[in-house]
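In what follows, a single structure is set out as structure tokens and then discussed.
This chain uses plain numbering: 1 for the first residue, then up along the sequence. Computed from heavy atoms alone, side chains included, the values below leave out hydrogens, waters and symmetry copies.
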Amino acid sequence: MLYYLFRYLNEHYHIPGLGVFQYTTFRAGLAVVISLLIALTFGHRLIKLLQKKQVGESIRDLGLQGQIEKKGTPTMGGLIIILAILVPVILLCRLRNIYIILMILSTVWLGLIGFLDDYIKVFRKNKEGLSGRFKVLGQVGLGITVGWVLFYSNEITVREYLQPNGQYSAISATKVFKDVHLMITTVPFMKNNELNYGDLFATAGTFFNGLYGLLYIPIVIFLITAVSNGANITDGLDGLAAGTSAIIGITLAIFAFVSGNALLADYLDVMFIPDSGELVIFCTAFVGACIGFLWYNSYPAQVFMGDTGSLALGGIIAVLALIVRKELLIPVLCGIFLIENLSVIVQVSYFKYTRRKYGEGRRLLRMSPLHHHYQKLGYHESKIVSRFWIVGIMLAVITLVTLKLR
């Protein structure tokens, strides 16, 4: 809203200094400040309210160090993150931008699913929370919506440049270009690193040429479901999910800035995505919200984010990666989420297999997810979180290296 207000005042009244609101970098910096302030001020009041309402986390005794001390810690702190994201985005972004609309939709959608889950656990005293199939149904619904918009909306474009040989390419900028709706993505570590989803159906004949949405939309559904569940599983130690998400958010902000800037996209030889630069503001608000939440969530936590926050964080990351055409980098960038997910899948699968084969279940890990395995080994919670952050930073650097290493 402020973006449109100050642009109007600048165009009609020429008030000095208001033109700075047209710069993405200025609004991105301001978004960080606003989201941090909201998280710090609103977070303190929300924690007091949750304590007053006795909205505490019920803890199952799993024999983990420091676990019992966490009993009664307020949950549903994800409301802090969601508010700290949405307020600066609504104030500073161009709200008619299709990508911003998708990000706001994704944040609210998954935030509501997580809120329902936490509400049932806390106020209905049902430890199971929202039924798993309803969670998945909500994630699939968002995946269908996002996939449909990305695949069919004519506002979703990439810029193609005319080359000397008369062919169009999404890289190597020249003065002759056109913005086209084209479903291509970036393949990491490859020289000619663009994959057109339509080519995957090319061998099936001309009948399937217009139907490759049947492939793309399920990919979107899978990624949103996998990453949001990965963030949810990772949220098991104080500060782990929030800190890891902040690292990922910074990386995606860099990708959005590069992809939304024609000069940088040309210099780095990556595809230019018109209007995607506005996502930098969303990303910085996202990072500010995560860091602000860490003020209260770092060890020992004063509040837990609950599913309200963790499902939203994972969904936001997945949709951002899809928009900037970096979805194939998710296994690297979100490597922490991936390994946490896999640790649960492998543990459960191996237990079922050995029970069927030997008559008793056996475990590969002392406990899953992976962070609990290290707790069982005797590592302190804060050390585990710090080391997971370090691994997350390393994965983020590897992801950024793909901008030039091909």
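- In this structure, the side chains of Val108 and Leu86 come closer than 4.5 Å at one or more pairs of heavy atoms.
- Looking only at side-chain heavy atoms (C-beta outward), Leu333 and Leu395 stay at 4.5 Å or farther from each other.
- Rounding to the nearest 0.5 Å gives a distance of 12.5 Å between CD1 of Ile224 and CG of Leu311.
- By the 4.5 Å heavy-atom criterion applied to side chains, Ile317 and Leu252 are counted as neighbours.
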Kindly determine whether Ile384 and Leu240 satisfy side chain to side chain contact (heavy atoms under 4.5 Å, CB included), including the steps that lead there.
CA-CA 9 Å; Ile384 298 169; Leu240 180 55; 5.8 Å; no
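- Taken to the nearest 0.5 Å, the CG atom of Leu313 stands 9.5 Å off from the CD1 atom of Ile248.
- When the shell of 6.0 Å around CZ of Phe222 is examined, it contains 12 or fewer heavy atoms from other residues, nucleotides or ligands.
- The line from CG of Leu195 to CE of Met183 is 10.5 Å long, rounded to the nearest 0.5 Å.
- Looking at Thr251, its side chain does come within 3.5 Å of a backbone N or O of Ile247 through a donor-acceptor pair.
- Tyr350 and Arg362 get closest at one heavy-atom pair: CD2-O, 3.3 Å.
- No more than 12 heavy atoms of other residues, nucleotides or ligands lie within 6.0 Å of NZ in Lys357, so this atom counts as exposed by the packing criterion.
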Test Phe115 against Ile82 for side chain to side chain contact (heavy atoms under 4.5 Å, CB included), laying out the working first.
CA-CA 11 Å; Phe115 178 81; Ile82 292 173; over 6 Å; no
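- Screening residues 93-110 for side-chain hydrogen bond (donor to acceptor under 3.5 Å, both in side chains) gives Arg94-Glu278 as the qualifying pairs, with residues at least two apart or on separate chains.
- Side-chain contact between His371 and Glu340: present, with at least one pair of heavy atoms (C-beta onward) separated by less than 4.5 Å.
- For Asp118 (side chain) and Thr308 (main-chain N/O), a donor-acceptor pair under 3.5 Å exists by modelled atom type.
- Remark: side-chain polar atoms of Thr185 are paired, donor with acceptor, to backbone N or O of Arg325 under 3.5 angstrom.
- Taking both residues in full, the closest heavy atoms of Phe304 and Asn297 are given as CA-ND2, 4.0 Å, listed atom of the first, atom of the second, then distance.
- Judged purely by atom type and a 3.5 angstrom limit, Ser245 has no side-chain atom pairing as donor or acceptor with the backbone of Ala242.
- Side-chain contact between Phe286 and Ile316: present, with at least one pair of heavy atoms (C-beta onward) separated by less than 4.5 Å.
- Atom CG of Leu294 and atom CH2 of Trp389 lie 5.0 Å apart (nearest 0.5 Å).
- Rounding to the nearest 0.5 angstrom, the gap separating the NE2 atom in His373 from the CZ atom in Arg363 is 13.0 Å.
- In terms of heavy atoms, Ala318 sits closest to Leu223 at CB-O, 3.8 Å.
- Minimum interatomic distance between Gly292 and Leu36 (heavy atoms only, all atoms of both residues): N-CD2, 3.6 Å.
- Here the side chain of Asp275 pairs no donor or acceptor atom with the backbone of Ile98 at under 3.5 angstrom.
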Verify side chain to side chain contact (heavy atoms under 4.5 Å, CB included) between Leu400 and Phe255, making sure each step is shown before the conclusion.
CA-CA 8 Å; Leu400 289 172; Phe255 278 125; 4.2 Å; yes
If you apply the rule side chain to side chain contact (heavy atoms under 4.5 Å, CB included), what do you find for Leu364 with Phe351, and how did you get there?
CA-CA 8 Å; Leu364 288 173; Phe351 183 86; over 6 Å; no
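- Nearest heavy-atom pair across Thr41 and Leu37 is OG1-O, 2.7 Å.
- Contact check for Tyr197 versus Ile184: no side-chain heavy atoms found under the 4.5 Å cut-off.
- Taking 4.5 Å as the limit, every side-chain heavy atom of Phe272 sits out of range of all side-chain heavy atoms of Val158.
- The environment of Tyr4 atom OH is dense: over 12 non-hydrogen atoms of other residues, nucleotides or ligands sit within 6.0 angstrom.
- Counting heavy atoms from C-beta on, the side chains of Phe26 and Leu30 come closer than 4.5 Å.
- For Phe189, the CZ atom sits in a packed shell: over 12 heavy atoms of surrounding residues, nucleotides or ligands are nearer than 6.0 Å.
- Within 6.0 Å of the NE2 atom in His44, the count of heavy atoms belonging to other residues, nucleotides or ligands does not exceed 12.
- Of all heavy-atom pairs between Ser343 and Ser368, the closest is O-CB, 3.9 Å.
- Identified under the side-chain hydrogen bond (donor to acceptor under 3.5 Å, both in side chains) test for residues 217-235, with sequence neighbours left out: Gln139-Ser228, Gln139-Asn229, Asn232-Asp307, Asn232-Ser310.
- One finds the CZ atom of Phe293 at 14.0 Å from the OG atom of Ser35 (value rounded to the nearest 0.5 Å).
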